[in-house]
Undergrad: 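Please read through the structure below; I'll follow up with questions.
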2 protein chains.
Amino acid sequence: MLERGQEEKILDAAYACIARDGYAHTSLRHIAHEAGVAVSQISYHYKNKEGLLLAVVERAATNYHAYMQEYLHPHMSPREKGECVIALFQGVLEDDPELFRVLYDLAGLALWSEPFRLQVREVFAGIMEQITTEVFTAELLGDLGHQHTAETLASLFFGGLFGIALQALLEPENKAIVSSLSALSVVFK
Amino acid sequence: MLERGQEEKILDAAYACIARDGYAHTSLRHIAHEAGVAVSQISYHYKNKEGLLLAVVERAATNYHAYMQEYLHPHMSPREKGECVIALFQGVLEDDPELFRVLYDLAGLALWSEPFRLQVREVFAGIMEQITTEVFTAELLGDLGHQHTAETLASLFFGGLFGIALQALLEPENKAIVSSLSALSVVFK
DNA sequence: GAGGTTTTCGAACGGTCGTCCGATTGAGGA
DNA sequence: TCCTCAATCGGACGACCGTTCGAAAACCTC
């Protein structure tokens, strides 16, 4: 029986609550109950709700990067890595849609609160940098032969992933949307 | 001095509050105060908060369609219409970013509440149908000569618009993001 | 002008929220 | 063993939430 500290337990519980109910319906009491802990423990370890949520974002970002790095093997070509990212998103949407809902929720938080905006911006910048350096390399850019920069194409690529994923969640009965993610490969073809 | 009914005033106030503070921080009291009206008037006219919000979504969708229809002149070619939609999004992001934040917020609501999901899905379906029939026509599809359907390309196109717009709002100091919207024209080139 | 209906108001209700505080517990060093 | 300090707890606080209700006001019809 592994014994994690309360701090960790609270963080897990917070993520679980947000994934289940969404941020808007997640209260500190719910989180504390899910963690099997007194409410005041949250203030003790994370100062306040905002502090806890920022920690959740940070942890989610770390997880994401590890996940991504695990899938993008060094021996792949840039194009293969692009396809791989697409496949990864498709897999998430099918197997673990809550993951994307949390991403959407936290990004939404960032639209209204400056501290969250700064933190989420970092997360997005990390994703973008990964895509820029792994997929839209100088090699691939020269291959494509059009005028767009790697940053532009990365924005386009990730924006497309995000926007299509939202549509897929709004219309889960329409399987065509998830598979239309594959069409995103037009940006590196 | 035009005299709109209270019903209309409440709807305006609700939209204004959401645009200013986001849905999560908008209460019926704020809305009532903004409208210069008693709180109980909201329940009287819209039954409850959900009813009011659904009305807000419906009104926003109507406004959107009128806006779009005004910009897409019948004499334009499909490609021109595509460029026009892109330019329209760029204009919104620069002049009236709250419009997009509201769209994002309401779509986020739809991820967690079934009634909202159904209503927002209708809105998105309307947008998608407009893009499908106006931009990705059979004529253009044949011109492009690749295997994707009009629906797939429309998903890609709108998803890209949405995802890039989010990045632009998270990083308003980075003007390159807004202009990278133009690169979305790769999908019909 | 009287009477009935719709509209509007302010107050109140029961809940839930995030935060704070004093008391209790527990582990580790003197 | 005692002292200290960090960790944990339950309860309380004031604020705000969405909803409801009875009374007042406004409107319309006769």
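Reminder, nothing fancy here: chain letters follow the sequence lines and each chain counts from 1.
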Undergrad: Distance check needed: C/dT16 C1' versus B/Arg29 CZ, whole Å only.
TA: 13 Å
Undergrad: For C/dC17, does either OP1 or OP2 sit under 4.0 Å from a side-chain N or O belonging to A/Ser27?
TA: yes
Undergrad: Sequence neighbours left out, what passes ring-ring contact (aromatic ring centres under 6.0 Å, His included) with B/Phe100? Give chain and number order.
TA: B/Phe162
Undergrad: Mapping A/Gln6 and B/Lys49 to their closest nucleotides on DNA chain D, which lands nearer the 5' end?
TA: A/Gln6
Undergrad: For A/His30, report the nucleic acid contact type (base, sugar-phosphate, nothing); a contact means any heavy atom under 4.0 Å.
TA: sugar-phosphate
Undergrad: With distance as the sole test, does A/Ser43 use its side chain to make a donor-acceptor pair with the main-chain N or O of A/Val39 at under 3.5 Å?
TA: no
Undergrad: If I take atom CD in residue A/Glu8 and atom C1' in nucleotide D/dA7, what distance separates them, rounded to the nearest angstrom?
TA: 17 Å
Undergrad: Specify the closest pair of heavy atoms between B/Ala150 and B/Phe136, including all atoms of both residues, with the distance to one decimal.
TA: CB-O, 3.5 Å
Undergrad: What is the distance, to the nearest angstrom, from the CG atom on B/Leu28 to the P atom on D/dC17?
TA: 9 Å
Undergrad: Establish, yes or no, whether the cationic atom of B/Lys81 lies under 6.0 Å from the six-membered ring centre of B/Phe157 and within 45° of the ring axis.
TA: no
Undergrad: Under the ring-ring contact (aromatic ring centres under 6.0 Å, His included) test, which residues partner A/Tyr44, sequence neighbours left out?
TA: none
Undergrad: Calculate the interatomic distance between A/Lys9 atom NZ and D/dT8 atom C1'; express it in whole Å.
TA: 11 Å
Undergrad: Scan residues 31-46 of chain B against DNA chain C and write down, sorted by residue number, each residue with any heavy atom closer than 4.0 Å; if none is found, say none.
TA: B/Val37, B/Ala38, B/Ser40, B/Gln41, B/Tyr44, B/His45
Undergrad: Taking B/Arg59 first and then B/Glu7, would you say they form a salt bridge - that is, a charged N and a carboxylate O separated by under 4.0 Å?
TA: no
